[in-house]
Amino acid sequence: MGHIDFDPDDLKDRQGYFLMTSLIVPRPIAWVSSLSPRGVRNVAPHSYFNAISSDPPVLHFTSTGEKDTLVNVRASGEFVVNIVGARVAEEMNLTAANFPPEEDEFAWAKLSDAPSRTVSPPRVARAAGAFECTVNRIVSIGNGNMVFGDVRNIVVDEAVMRNGRVAPDLLDPIGRLGGSWYTRAARDLFEMKRPTWDAVKDRPDEDAG
Ligand SMILES: Cc1cc2nc3c(=O)[nH]c(=O)nc-3n(C[C@H](O)[C@H](O)[C@H](O)COP(=O)(O)O)c2cc1C
């Protein structure tokens with residue numbers, strides 16, 4: 001048994017997708033709420049998602065191809081990233097179905113909305129956290145359309161906070177793995193303090209002699 005090489009030029013069908021999404025794991029999930037030009041509420045999960053800058057706060061999610069979320073975000077310049085805890089996993093998954101653009105996905109998933117403070121799209125009321133964003137820019141690379149969002153407001157449910165911080169066990173986030181697999185990321189926690197250079201350089205070499 002050894003390591004196998006895959007040349008991107010030789011990948012067939014959706015092999016590239018399967019390799020990328022099963023190796024780059026676990027991925028956080030941006031549950032993006034947006035409004036269509038006609039005011040229809042849309043919400044859809046995007047696991048190509050991460051923080052870009054914390055000062056000022058900027059994040060991104062990527063739409064593979066042109067989906068309703070991307071169309072709405074391009075038109076309005078606004079969206080909300082809702083954070084997905086285990087308590088809303090089923091609802092999140094339902095909103096990944098390919099609803100026609102005129103369907104209200106909050107209604108289909110029986111999700112209550114809550115008004116955002118700084119943007120028009122509402123947030124998912126039961127989500128433990130939300131980032132209200134305006135579009136900074138959209139960068140298209142291959143089949144990915146990366147939406148960068150300037151964060152205008154951050155909302156956190158006090159129920160997931162302990163000692164003034166978001167507690168991983170209370171947030172109970174889910175992460176996306178390959179295929180249809182997910183992980184409850186806070187179920188198997190371990191802690192490692194980041195060492196300083198001073199501590200590392202004076203460490204005895206345990207392999208020696
Ligand atoms: C957990 C999860 C993560 C997903 N991540 C992405 C993603 O990063 N980018 C994407 O384009 N689609 C992603 N999808 C698929 C979209 O959610 C799906 O195509 C959805 O119908 C898009 O909705 P919309 O057309 O209302 O925007 C994901 C689906 C699931 C279940």
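Model, not experiment: these values are computed from the prediction.
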Give me the atom names and distance for the closest heavy-atom approach of N72 to L35. CB-O, 3.4 Å

Classify the side-chain pair N145/S140 by whether it contains a donor and acceptor separated by less than 3.5 Å. yes

Is S63 reaching over with its side chain to a backbone N or O of E66, donor-acceptor style, under 3.5 angstrom? no

R152 versus T118, closest heavy-atom pair with distance: CB-OG1, 3.3 Å

After noting the C-alpha distance and the side-chain angles of T21 and R176, does the key distance pass the side-chain contact (heavy atoms from CB on, under 4.5 Å) rule? CA-CA 9 Å; T21 55; R176 183 89 197 265; over 6 Å; no

Just say parallel, tilted or perpendicular for the rings of H60 and F148, cut-offs at 30° and 60°. tilted

Check whether any side-chain N or O of E132 sits under 3.5 Å from a backbone N or O of V80 as a donor-acceptor pair, and report yes or no. no

Check this for me: N98, atom CG, are more than 12 non-hydrogen atoms of other residues, nucleotides or ligands nearer than 6.0 Å? no

Verify, without hydrogens or angle tests, whether S54 (side chain) and P57 (backbone) share a donor-acceptor contact under 3.5 angstrom. no

Measure from the side-chain N and O atoms of Q15 to the backbone N and O of K12, and report whether any donor-acceptor pair falls under 3.5 Å. yes

Within a radius of less than 6.0 Å around CG of D188, do more than 12 heavy atoms belonging to other residues, nucleotides or ligands occur? no

Tell me the closest heavy-atom pair linking P56 and S53, and the distance in Å. O-OG, 2.5 Å

Step through the shown structure and confirm whether more than 12 heavy atoms of other residues, nucleotides or ligands are within 6.0 Å of CD on E90. no

CE of M20: more than 12 outside heavy atoms within 6.0 angstrom? no

Between D157 and R87, does any side-chain N to carboxylate O distance fall below 4.0 Å? yes

Main chain of P122, side chain of S33: is a donor-acceptor contact present, judged purely on distance under 3.5 Å? yes

Pair S47, R27: side-chain N/O donor-acceptor within cut-off below 3.5 Å: yes

Closest contact, heavy atoms only, C133 versus V151: SG-CG2, 4.1 Å

Polar side chain donor-acceptor pair, T95 to W108, under 3.5 angstrom: no

Taking F6 as the fixed residue, which of I4, D9, D10 is the one that meets the side-chain contact (heavy atoms from CB on, under 4.5 Å) rule? I4

Verdict with reasoning, F106 to V124, per side-chain contact (heavy atoms from CB on, under 4.5 Å): CA-CA 8 Å; F106 276 76; V124 174; 3.9 Å; yes

Do R123 and N82 get their side chains close enough for a donor-acceptor pair, meaning under 3.5 Å? no

Stepwise, does the side-chain contact (heavy atoms from CB on, under 4.5 Å) test hold for D113 with L111? CA-CA 6 Å; D113 67 9; L111 290 167; over 6 Å; no

Which residue, V84, T69, I29, forms the side-chain contact (heavy atoms from CB on, under 4.5 Å) with P45? I29

Spell out, as yes or no, whether a donor-acceptor pair under 3.5 Å connects the side chain of S116 to the backbone of S120. no

For D5, I'd like to know if atom CG has over 12 heavy atoms of other residues, nucleotides or ligands within 6.0 Å. no

Does atom NZ (K201) have a neighbourhood of more than 12 heavy atoms from anything else shown, all under 6.0 Å? yes

